[in-house]
Participant: 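Quick one: structure below, then a few questions.
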Amino acid sequence: MKRSIASVCLSGDLRQKIEAVAEAGYDGIEIFENDFMLFGETPAAVRRMVEDAGVEIVAFQPFRDFECMPKAKMQKNFDRAERKFDLMQELGTTAMLICSNVSPQCIDDTDRAVEEFYELAERAKKRDITLGYEALAWGRNVSLYEQAWDVVKRVDHKNLGIILDSFHMYARDADLSTVAEIPGNRIVLVQVADAPRLKMDVLQWSRHFRCFPGQGDFPMQDFMSAIIKTGYNGYFSHEIFNDEFRSSPCRATAIDGMRSLLWLQEQVVMDEPDLMLDRKNSSFYQPPKADMQNFEFVEFAADDQMRDDLLGMLHKLGFHRTHKHRSKEVSLYRQGDVSLVINEESDSFAQHYSLVHGTSVCAIAYGTDDAEGMAERADYYGYHPFESDVESGELDIPAIKSITGELVYFVQKNTDGTRFYDVDFVADDQSEALVTPDDSLNFDHVSSGVAETEFLSVSLFYRSLLDLDVAQPQDLIDPYGIVVSRAATNQDKRIRLPFNMSRSWGASTERFREVHRGSGVQHIAMSCDDIRAFVRRVDPSIILPIPGNYYDDLEARYELDDDLLADLRQFNMLYDQNETGHFIHFYTRSINGLFFEVLQRHRYGNYGEANSQVRLAAQAQVRRSGQP
Ligand SMILES: O=C(O)c1ccc(O)c(O)c1
Ligand SMILES: [Mg+2]
């Protein structure tokens, strides 16, 4: 599979874009006309730059509003094309993307289009140039790929083919069956773009919300399979117009794009193993399948200032120290099946992390049946391994850096049922729990607060490397802005990872990123079997106070037992119900922006989203009062 990316996907000037594209390992780049026009070097210099970088200019694009203009304008359009052919020859590229005309003056006359494209193809032939016709979803008279194919078929000229762009096709709910009629050698270029499903003007949707495959909602595997079945052997090229990409570092975006193409290839091969192997691609490598089973532990970096606050909060929630590390300043606090590691080892990753972020989560560990495989997968997807100091007799747990900088560990499940702490830790009966521990406690979800520019990278990280499902974004209402939230989950829902971003400085996510000095884990939720018993054992001073009006509303909305309602009110718990069941939960106050949640699910799969605005308002109230 030959891989390319359009220069319009990336921020910066043309030189920076070319360097980023080469470094990320693409074979080619589509040069967007504006990127060239606004660049201060000659076509020959750009050609050298691209050659030196070892990439190919896959296409020059776009050539706009060519066909079916009033007769008086056509001569000018042919002249304009000749000028661009000159430029393309200087740049050393042979493919020109022509998008369907969007001008109000464009005449609806397919015979005319056929004649004009024949004439243009004849001119292109003299220059060894191939034209590719692409239907823009908002084209004046040609807006469907079937219409573009009809024109190309009728022109029947070797120098004119079709360009297929997944965005335009899916945006118009295309039926992919006509793709099978197109011989692969008549496809000049395939552009891949995903997008979230949005109901809005198609032009605005395309220009601002496209994203890399794996970040949006389109069934990109089906598109890929349909194309590959035509026998097409050319480039798959990203063409993503996206506001976040425009404001993100171009190298990071280019690398994410490469991960996205690798992921797409993995999906296609998984669905239809013969498709790509048929293509004499014997060097084809398929990474080990992801295997992610559970949250094994969460690790905290503790700094001097807030260490005691954190330990105090854990004690009040029923945790106590059960183990100490054999050789390091590392303690394990357990309750039920929740393991929290407190790392105070000097000169460790954790200590460096706490110097920047204060007391906070510096790592999440997942249990897996194939830790080696996960490490190999991480390498395949270009996520960076992290090597830690391991003493003999200790586990060497594969680790990588996540997008937001904390570590991700892959902990091998042992067949004999022993756990990570049975090797590296010694049991420690010194400290007693302040309150009776709850054996039913389990990790439920771990949420992160991320920057707007990281949001799509994080979804790709979860979808590609960890093979999690990533749900569509939801808006949560904060008193000071909107928080956009998505959740990644594994199949049996033992791993749930919501992640949030906000464009509003005053909203919870950005306030967290301010106190925590960067993105990271903001919230750890744990489930139990009897939350009404659990909350009675917890010191009320650590629980987030909820406004009384909320309970009056609950009473009006649902038929709740007086008993339950009284408990909810007294213990500052929240309640939600849906068609299948109900949900009760409470939050703690925060430490350095981080807070805990304890919850009980009754056949309920959501997160109490309906209550998120209550929580966000309650947290804003606490912040305003200057309390933690
Ligand atoms: O938005 C546009 O104008 C535009 C231009 C070229 C393309 O290939 C495309 O898909 C969209
Ligand atoms: Mg396109």
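Everything numeric here is computed off the predicted structure, so don't read it as measured data. Counting starts at 1 for both ligands and their atoms, following the listed order.
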Participant: Please identify which atoms of ligand 1 are closer than 4.0 Å to at least one heavy atom of Trp138.
Facilitator: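 Near Trp138, the atoms of ligand 1 are 1 (O), 2 (C).
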Participant: Of Glu134, Arg210, Arg207, which has the heavy atom at the shortest distance from atom 2 (C) of ligand 1?
Facilitator: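 Ranked by closest heavy atom to atom 2 (C) of ligand 1, first place is Arg207.
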Participant: Between Glu30, His168, Gln61, which one has a non-hydrogen atom sitting closest to atom 10 (O) of ligand 1?
Facilitator: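 Heavy atom nearest to atom 10 (O) of ligand 1 belongs to His168.
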Participant: Cation-pi check for Phe63 against Arg80: NZ or CZ below 6.0 Å from the six-membered ring centre and within 45 degrees of the axis, yes or no?
Facilitator: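 Flagged: Arg80 positioned over aromatic ring of Phe63.
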Participant: Can you name the N/O/S atom of Glu239 that is nearest the Mg ion (ligand 2)?
Facilitator: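 Result: OE1.
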Participant: Rounded to the nearest 0.5 Å, what separation is found between the OG atom of Ser459 and the CD atom of Glu454?
Facilitator: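 One finds 11.5 Å between OG of Ser459 and CD of Glu454.
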Participant: Angle at the Mg ion (ligand 2): provide the value between OE1 of Gln191 and OE2 of Glu134, rounding to 10 degrees.
Facilitator: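 With the Mg ion (ligand 2) as the vertex, OE1 (Gln191) and OE2 (Glu134) sit 90° apart.
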Participant: Which atoms of ligand 1 are found less than 4.0 Å from any heavy atom of Glu239?
Facilitator: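 Numbered from 1, ligand 1 contributes 6 (C), 7 (C), 8 (O), 9 (C), 10 (O).
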Participant: Return the name of the atom in Asp165, of element N, O or S, nearest to the Mg ion (ligand 2).
Facilitator: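 Closest to the Mg ion (ligand 2) among those atoms: OD2.
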Participant: Below 6.0 angstrom between ring centroids: does that apply to Phe245 and Phe212?
Facilitator: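 For Phe245 and Phe212, the ring centres are under 6.0 Å apart.
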Participant: Any salt bridge between Arg127 and Asp86, counting N to O under 4.0 Å?
Facilitator: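 Salt bridge between Arg127 and Asp86, a charged N being under 4.0 Å from a carboxylate O: yes.
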Participant: Between Lys76 and Asp79, does at least one N-O distance fall below 4.0 Å, as a salt bridge requires?
Facilitator: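 No, this pair does not count.
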Participant: What protein heavy atom sits nearest atom 3 (O) of ligand 1, and how far off is it?
Facilitator: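 In this structure, atom 3 (O) of ligand 1 has Arg64 NH1, 2.6 Å as its nearest protein heavy atom.
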Participant: Could you grab the distance from atom CE of Met292 to atom CD of Gln491, nearest 0.5 Å is fine?
Facilitator: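 Between Met292 CE and Gln491 CD, I get 13.0 Å after rounding to 0.5 Å.
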Participant: Using a 4.0 Å heavy-atom cut-off, which part of Leu136 comes near ligand 1: side chain, backbone, both, or neither?
Facilitator: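 Answer for Leu136: side chain.
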Participant: For Leu97, take its heavy atoms, then give the atoms of ligand 1 lying under 4.0 Å from any of them.
Facilitator: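 Reading through ligand 1 atom by atom, the close ones are 8 (O).
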Participant: Please determine whether Gln61 has a backbone or side-chain N, O or S atom lying under 2.8 Å from the Mg ion (ligand 2).
Facilitator: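 No.
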Participant: Taking C-beta and beyond as the side chain, do Val446 and Ile495 meet within less than 4.5 Å on heavy atoms?
Facilitator: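 A side-chain contact is absent here, since even the closest heavy-atom pair is not under 4.5 Å.
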Participant: Heavy atoms, side chains only, cut-off 4.5 Å: are Glu116 and Met74 in contact?
Facilitator: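 Touching, per the 4.5 Å side-chain cut-off.
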Participant: Within the 4.0 Å heavy-atom shell around Gln191, which atoms of ligand 1 are there?
Facilitator: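 What qualifies from ligand 1 is 8 (O).
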Participant: For ligand 1, does Phe241 get within less than 4.0 Å through its side chain, its backbone, both, or neither, judged by non-hydrogen atoms?
Facilitator: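 Under 4.0 Å from ligand 1, Phe241 contributes side-chain atoms alone.
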Participant: Report yes if the distance between the aromatic ring centroids of Phe66 and Phe78 is under 6.0 Å, otherwise no.
Facilitator: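 So the answer is yes for these two rings.
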